[in-house]
Amino acid sequence: MQAVQYSVVSKQDCKRIYMEYSHCRLLLVCSLLALCLCSRGTRGDELTIDFYDDACPGLYNIVQQHVFSAVRDERRMGASLLRLHFHDCFVNGCDGSILLDGDDGEKFAQPNQNSVRGYEVIDAIKADLESMCPGVVSCADVVALAASYGVLFSGGPYYDVLLGRRDGLVANQEGADTGLPSPFEPISSIVQKFADVGLDTTDVVVLSGAHTIGRARCALFSNRLTSTTSSGDLTLDSTMADVLQSLCAGGDGNQTTALDISSADAFDKGYYQNLLTERGLLSSDQGLFSGDEDVVASTTRALVQKYSDDGEQFFSDFGASMVKMGSIGALTGDEGEIRCNCRVAN
């Protein structure tokens with residue numbers, strides 16, 4: 001592992017520029033950031049567990065403290081950080097591109113608006129890291145590590161996070177609009193989108209289990225409710241449908257409810273048990289068990305049954321699938337950069 005290298009701008013200048021941007025958001029500071037060549041941080045061509053052990057040994061403590069505080073203040077934040085990581089990895093790979101500001105950024109893609117949260121937590125973590133070991137830890141790695149602690153502090157499994165990603169230079173709004181799985185899609189389409197990034201059908205079912213925590217807006221499930229043109233989804237429990245109908249009636253689609261009605265804030269196997277009794281919130285959730293597609297009959301239904309019975313197996317497989325997802329399109333070595341500020345490329 002090569003030593004950390006810098007050029008042109010000192011560590012103190014990099015820190016100063018970061019703080020000025022955070023507080024003022026001046027265009028002048030954005031141009032100064034372009035000179036902050038902290039992208040020559042720790043090098044490595046493979047993701048490893050101990051990537052920052054020498055270059056930034058305080059990394060884990062900083063991320064733990066911030067995520068613990070965020071989840072303590074708002075239990076939903078664990079799910080938000082997990083979703084942030086997922087939505088980052090499915091577009092351009094796990095490169096932190098979802099964090100980039102700008103009207104053409106991934107933040108403003110349709111699937112991410114009023115959905116993806118937690119940016120301020122990432123900002124706070126990065127600010128502390130820049131004070132301790134400037135120009136070393138990538139924003140993409142911060143997102144991956146924060147997601148893992150979001151899971152852990154919600155009662156979920158611990159899993160080793162491979163580190164060493166570097167940050168992408170551009171966002172891809174179009175890719176987010178078209179590449180992210182939608183709750184309105186048939187299971188076969190979702191399986192294909194997972195396959196497009198190197199994940200298999202088991203990963204679909206396992207990672208869908210992340211919906212054991214978090215919330216969803218009425219706009220994402222109102223298609224399953226009774227309306228003037230529809231009698232409602234027959235695979236949705238009627239009592240649950242009535243509750244959701246009352247919640248969403250007359251609203252703007254932004255009212256929210258728990259994805260897992262049995263244990264909203266606990267990371268457990270309750271998500272899968274809900275599917276057995278037609279109490280999955282999203283059609284893409286319930287479709288894993290109740291759908292009439294071939295892939296459901298051949299694979300996903302049996303996996304739902306398996307994880308509803310065996311929470312330990314779900315935890316084990318979830319950690320493995322998260323590590324697998326976290327490696328999608330990862331930039332390493334001389335690729336990309338290490339951003340000084342997660343919201344702007346250097």
Side-chain angles (χ1 to χ4, degrees), residues 9 11 13-27 29-42 51-52 55-56 58-60 62-63 65-67 70 77 80-109 112 116-150 161 163-173 176 326 329-331 335-346:
V9 179
K11 295 180 180 179
D13 284 341
C14 187
K15 177 182 175 183
R16 172 181 57 78
I17 292 170
Y18 179 90
M19 295 304 295
E20 288 178 357
Y21 178 82
S22 297
H23 292 133
C24 303
R25 307 296 171 92
L26 298 176
L27 292 177
V29 177
C30 291
S31 63
L32 288 173
L33 277 167
L35 300 177
C36 183
L37 301 181
C38 54
S39 58
R40 296 187 179 183
T42 303
F51 193 84
Y52 296 110
C56 193
L59 166 65
Y60 292 96
I62 289 175
V63 179
Q65 290 169 9
H66 278 283
V67 176
M77 188 53 69
S80 297
L81 294 171
L82 178 55
R83 182 177 298 176
L84 183 64
H85 184 36
F86 182 96
H87 283 223
D88 181 39
C89 290
F90 264 70
V91 183
N92 287 4
C94 308
D95 67 346
S97 57
I98 195 171
L99 305 174
L100 291 170
D101 281 341
D103 292 341
D104 60 347
E106 294 165 29
K107 290 180 179 180
F108 301 104
N112 293 333
V116 176
R117 310 164 65 247
Y119 299 111
E120 295 79 8
V121 178
I122 303 301
D123 288 340
I125 294 171
K126 181 62 172 175
D128 278 0
L129 289 173
E130 286 300 306
S131 296
M132 175 177 287
C133 38
V136 173
V137 182
S138 70
C139 299
D141 277 345
V142 171
V143 171
L145 202 53
S148 74
Y149 286 124
V161 179
L163 300 170
R165 301 168 190 80
R166 290 169 65 83
D167 297 321
L169 305 178
V170 296
N172 183 358
Q173 188 175 110
L331 304 176
E335 300 173 309
E337 63 184 10
I338 306 297
R339 289 183 214 141
C340 292
N341 185 300
C342 292
R343 293 177 179 264
V344 290
N346 297 337

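None of these values were measured; they are calculated from a predicted model. Computation of the quantities below employed the complete heavy-atom set of this structure, encompassing side-chain atoms and omitting hydrogens, waters and symmetry-equivalent molecules. The residues of the chain are indexed from 1 along the displayed sequence.
- What you find for Val91 and Ser97 is that their closest heavy atoms are O-OG, 3.7 Å.
- Counting only heavy atoms from C-beta outward, the side chains of Tyr149 and Tyr60 approach each other to under 4.5 Å.
- A donor-acceptor contact shorter than 3.5 Å is absent between the side chain of Glu337 and the backbone of Ala345.
- Side chains of Leu100 and Arg339 form a contact here, defined as non-hydrogen atoms less than 4.5 Å apart.
- Within the 4.5 Å cutoff, the side chain of Asp95 has no heavy atoms near those of the Arg166 side chain.
- One finds the CG atom of Leu82 at 10.0 Å from the OG atom of Ser148 (value rounded to the nearest 0.5 Å).
- We find the SG-CD1 distance between Cys56 and Ile62 to be 6.0 Å, quoted to the nearest 0.5 Å.
- In this structure, CG in Leu169 is found 10.5 Å from CG in Asn92, a value given to the nearest 0.5 Å.
- Without hydrogens or angle criteria, Asp167 side chain to Cys139 main chain gives a donor-acceptor distance under 3.5 Å.
- Between Asn112 and the options Lys107, Gln173, Arg83, His87, a side-chain contact (heavy atoms from CB on, under 4.5 Å) holds for only His87.
- Residues Ile122 and His66 fail the side-chain proximity criterion, which asks for heavy atoms closer than 4.5 Å.
- Although no hydrogens or angles enter the test, the distance criterion places a donor-acceptor pair under 3.5 Å between the side chain of Lys126 and the main chain of Val137.
- Leu129 places none of its side-chain heavy atoms less than 4.5 Å from the side chain of Val136.
- The two atoms that bring Cys342 and Asp123 nearest to each other are CB-OD1, 4.5 Å, heavy atoms only.
- Between Ala147 and His85, the shortest heavy-atom contact is CB-CB, 3.6 Å.
- At distances below 3.5 Å, not a single donor-acceptor pair connects side-chain atoms of Asp88 with backbone N or O atoms of Ala140.
- Heavy atoms only, all atoms of each residue included: Leu84 and Tyr119 are closest at CD1-CE2, 3.7 Å.
- When side chains are defined from C-beta on, Phe51 does not count as touching Ser138, because their heavy atoms never get closer than 4.5 Å.
- To the nearest 0.5 Å, atom CG of residue Leu145 and atom OH of residue Tyr52 are 9.5 Å apart.
- Taking every heavy atom of both residues into account, Gly150 and Val67 meet most closely at N-CG1, 3.6 Å.
- The minimum heavy-atom distance linking Ile338 with Arg165 is given by the pair CD1-O, 4.4 Å.
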